[in-house]
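So the structure is just underneath, and the comments pick up after that.
Each chain gets a letter, A, B and so on, in the order its sequence line appears, and its residues count up from 1. Just the heavy atoms: all of them, side chains too, but no hydrogens, waters or symmetry mates, feed the values below.
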Amino acid sequence: MIDWIGTHLALILFLVLTVALFCGFPVAFVLGGIAIFFGALGILFDVFQPVQFFNLLPRIWGGVAANPILVAVPMFIFMGTVLERSGVANDLLHALQVLTRRIPGGLAMSVTLMGTIMAATTGIVGASVVMLTLVALPAMLARGYQKELTVGTIASAGTLGILIPPSIMLVIMGDLLAVSVGTLFAAAVIPGLVMSALYLIYICMLSAIKPQLAPPLPPDVGPKTRAEFWRMVGKSFFPPTFLIILVLGSIFGGWATPTEAAGVGSAGALFLAWLNGRLSFKDLNGMIESAALTNALVFFIFFGATLFAFVFRALGGDELVVDIMKAVGLDTGWEILVFMMVLVFILGFFFDWIEICLIVLPVFAPALRTVDFTSHIGPGGSIVFLTWFIIMISVNLQTAFLTPPFGFTLFYMKGTVPPSVTMGHIYRGIIPFVILQLLGLILTIVFPELVLWLPRKVGFLN
Amino acid sequence: MERLLAVSKAIERALYRVAMAAGWLFVACTVVIVFDVLTRKFGYQLPEMGSTRLQELEWHLHTALFSFWLGIAYIKNAHVRIDIAIAAAKPRTQALFEFAGVLVFALPYCLIALYFSTDFTLIAWRLNEYSDSATGLPWRWIPKGIITVGLVLLLAAVVSVGLRLVVYLWGPQRLRAAAAYAGAKAHP
């Protein structure tokens with residue numbers, strides 16, 4: 001028995017972690033604390049040396065601090081926060097409403113379009129969901145939109161932020177699996193637009209079939225004259241277009257690294273906020289505080305997960321995962337792939353993208369090294385496979401934001417919606433959109449060209 | 001008990017002040033990146049401050065940005081938790097769980113990480129460690145020391161929350177409201 005414990009510490013560690021994460025204590029502390037406890041057990045069983053704990057710091061140092069790629073994360077968070085408080089969103093939603101007023105479900109579609117455009121200017125989700133909820137939800141309810149459709153539209157549009165580049169999730173996954181961030185950004189563009197298109201098609205079809213769910217806008221909305229109309233469009237589309245060209249243009253054009261693009265984008269967002277008169281000392285302090293808290297949360301998980309992953313490996317975790325997969329008969333590439341997709345989807349009910357990325361990816365990385373998909377995705381070796389794989393995981397992780405009981409988007413909405421919208425409305429509202437996300441995932445699996453065409457086209461995968 | 005609460009709040013205020021000051025490094029980092037991009041474009045170079053140094057400076061600033069905010073983010077309850085299992089529990093039960101977490105997970109983690117981090121910084125200091133790149137920045141002990149300071153601040157935050165929970169759980173009734181620990185979650 002005692003021997004069995006000594007040789008299976010990695011397995012026990014994983015099981016204890018799974019239970020302990022649910023005790024409600026911050027995930028990073030749980031990861032780190034349990035790793036220390038099992039390191040100590042490993043010392044007792046003579047499978048771990050106390051001095052191995054010293055490795056923690058070089059790993060945090062090399063993996064998190066002295067890592068020029070990850071500087072993109074705070075900068076994209078800062079850029080997103082500044083932009084979301086700069087007031088460009090309200091103008092944009094108004095213009096989109098006017099543009100889509102003659103289409104069935106026009107207002108809902110303008111929310112999805114706005115989520116898509118905002119996603120291409122920011123790399124984060126939280127604040128953009130709050131913003132969309134604050135700006136669009138009262139408008140949609142006032143027009144008599146069905147509550148379920150309203151909530152589902154806003155929640156799904158908000159989550160596009162994490163898939164459509166720039167995205168801090170892609171920066172972190174690229175860093176973990178050693179794929180260039182520029183390649184991932186290029187690879188995510190089409191799947192992101194496909195997701196957005198699926199939402200739009202669904203909303204349009206539903207509104208055409210059941211017009212009572214999505215009443216049209218009165219025809220007198222919007223500017224009266226043509227000149228006024230174009231002025232409104234220009235004023236509201238200029239800021240996001242400016243930022244998208246600045247950030248994505250400079251990355252895809254090969255002029256700037258993602259970190260540099262993020263820094264330049266932050267400067268651009270500050271400029272837009274200043275133009276809109278939203279950059280007082282107090283405003284800036286608020287932006288800094290919000291961005292810094294988000295940033296601390298992301299990197300603290302790194303701290304905990306670094307120690308966890310290290311102790312897990314030292315106790316033989318890598319072999320354990322490969323052995324277990326073999327034992328349950330998962331050895332072909334497709335079996336492993338489908339297993340991981342189902343696992344990530346299920347984990348998404350309870351965990352958030354950052355825990356899944358930082359805990360699950362390192363644990364399952366060894367199994368991924370053994371698979372070969374050349375016949376499905378074409379030549380190019382492991383980089384091509386990893387690019388495709390990361391985008392599939394990213395599309396899959398979008399569901400994590402929407403699936404109860406622990407979808408962050410839902411959590412945010414719950415705090416922002418008026419009392420007439422209940423959790424029941426929210427849960428029923430997101431179901432069709434989760435199904436659409438799964439459809440998007442299946443499309444990226446079956447048609448890898450959706451992912452790989454653009455990065456090949458701009459020469460990132462040659 | 002009043003004194004414990006006062007200490008807890010004093011730590012909180014100090015951490016907040018340090019963090020807000022450090023938060024301006026977002027702006028500093030933006031400026032450094034823009035400056036680096038522009039000067040490289042126009043082929044200009046500050047004496048003694050070439051692109052390699054600027055790029056190293058960027059991640060030095062990044063290191064300070066997250067290090068100085070780890071602690072206050074715990075006090076402000078911004079760190080991710082999976083609280084579905086205990087969300088419905090009574091506030092007192094939740095506080096007991098939190099206190100257990102502080103003792104079992106947070107304190108050991110902070111102390112061990114701090115111990116090895118101090119070592120790590122002191123080695124860099126003694127060896128007068130320099131950038132790996134010949135044109136990089138000297139004084140590696142500074143960013144390494146920043147991580148150590150960040151862990152000290154994190155430990156202080158854990159102590160602050162711990163004291164608050166002691167007052168809440170075992171202090172007099174009248175202090176309970178002032179000692180309650182809860183907050184909204186921020187998220188990417």
Side-chain angles (χ1 to χ4, degrees), chain A residues 21-30 32-34 36 53-54 56-58 60-61 65-68 70-71 74-75 77-78 124-126 168 256 259-260 263-264 266-267 270 285 288-301 303 350-352 354-355 405-406 408 411-412 415, chain B residues 19-20 22-24 26-27 29-34 36-37 55-56 58-59 61-63 65-70 72-74 76 78-87 94 97-98 100-102 104-106 108-109 112-113 116-117 119-120 143-144 146-147 154 158 184-188:
Chain A
L21 281 175
F22 284 91
C23 74
F25 202 61
V27 167
F29 278 135
V30 175
I34 286 195
I36 284 173
F53 277 132
F54 182 79
L56 171 63
L57 263 297
I60 289 179
W61 171 253
N67 185 334
L70 286 185
V71 181
M75 293 326 285
I77 292 175
F78 185 52
I124 50 179
V125 159
I168 59 168
T259 303
E260 287 163 357
V264 174
S266 294
L270 286 169
N285 259 324
I288 285 174
E289 178 169 354
S290 163
L293 284 174
T294 305
N295 187 49
L297 154 182
V298 171
F299 284 103
F300 193 38
I301 305 239
F303 270 60
F350 306 102
F351 298 89
D352 197 18
I354 175 126
E355 294 104 285
F406 198 73
F408 256 102
F411 175 87
Y412 267 115
Chain B
M20 279 313 286
W24 283 82
F26 271 121
V27 181
C29 199
T30 306
V31 171
V32 171
I33 291 175
V34 171
D36 177 37
V37 170
Q55 281 172 18
E56 289 194 358
E58 287 161 20
W59 60 252
L61 296 175
H62 149 69
T63 303
L65 259 175
F66 68 76
S67 294
F68 289 139
W69 277 81
L70 293 177
I72 193 72
Y74 179 45
K76 298 233 162 220
H79 289 310
V80 184
R81 338 163 153 252
I82 296 160
D83 51 4
I84 46 169
I86 67 156
Q94 288 185 359
F97 265 87
E98 189 74 19
V102 165
V104 178
F105 297 131
Y109 179 78
I112 297 240
F116 287 106
S117 179
D119 234 25
F120 193 59
K144 289 183 174 178
I146 287 174
I147 297 180
L154 180 64
V158 170
K185 215 172 309 197
H187 205 268

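Distance CG/A/Leu70 to OG1/B/Thr63: 10.0 Å, rounded to 0.5 Å. Considering CG of B/Asp36 and CD of A/Glu260, their distance stands at 5.5 Å, rounded to 0.5 Å. Distance CZ/A/Phe54 to CZ/B/Phe116: 8.0 Å, rounded to 0.5 Å. Atom CG of A/Leu56 sits about 8.5 Å away from atom OG of B/Ser117, to the nearest 0.5 Å. For the atom pair OH of B/Tyr74 and CG of A/Leu297, the computed distance is 14.0 Å after rounding to the nearest 0.5 Å. How far OG1 of A/Thr259 is from CH2 of B/Trp59: 13.0 Å, rounded to the nearest 0.5 Å.
Between B/Phe66 and A/Phe300, the gap from one ring centroid to the other reaches at least 6.0 Å.
Only the side chain of B/Gln55 comes within contact range of chain A, with at least one heavy atom under 4.5 Å from a heavy atom of that chain. For A/Ala256, no part sits under 4.5 Å from any heavy atom of chain B, backbone or side chain. Contact of A/Ile34 with chain B is made through backbone and side chain together, with heavy-atom distances under 4.5 Å. For B/Leu154, the part lying under 4.5 angstrom from a heavy atom of chain A is the side chain only. Residue A/Asn285 touches chain B through both its backbone and its side chain, counting heavy-atom pairs closer than 4.5 Å. For B/Ala113, the parts lying under 4.5 angstrom from a heavy atom of chain A are both the backbone and the side chain.
No other option in B/Glu56, B/Met20, B/Gln94 has as many heavy-atom pairs under 4.5 Å with chain A as B/Met20. Each of B/Val31, B/Ile33, B/Leu61 has some count of heavy-atom pairs under 4.5 Å with chain A, and the biggest count is that of B/Ile33.
For the pair A/Ser266 and B/Phe26, the minimum side-chain heavy-atom distance is 4.5 Å or more. Inter-residue side-chain proximity for B/Glu98 and A/Pro26 is flagged as met; some heavy-atom pair is nearer than 4.5 Å. In this structure, B/Asp119 and A/Leu57 have side chains that are not in contact, with every pair of non-hydrogen atoms separated by 4.5 Å or more. Looking at heavy atoms from C-beta onward, B/Leu70 lies in side-chain contact with A/Phe303 at the 4.5 angstrom threshold. B/Cys29 places none of its side-chain heavy atoms less than 4.5 Å from the side chain of A/Phe78. The shortest distance between side-chain heavy atoms of B/Leu65 and A/Phe299 does not fall below 4.5 Å.
The nearest pair of heavy atoms linking A/Val264 to B/Val34 is CA-CG2, 4.2 Å. Nearest approach of B/Phe97 to A/Cys23, heavy atoms of both residues: CD2-O, 3.8 Å. Here the shortest heavy-atom pairing between A/Gly32 and B/Tyr109 reads CA-CD1, 3.4 Å. Scanning both residues, A/Ala65 and B/His62, for their nearest heavy atoms gives O-CD2, 3.6 Å.
By the side-chain contact (heavy atoms from CB on, under 4.5 Å) test, B/Ala106 pairs with A/Phe25, A/Phe29, B/Val158, sequence neighbours left out.
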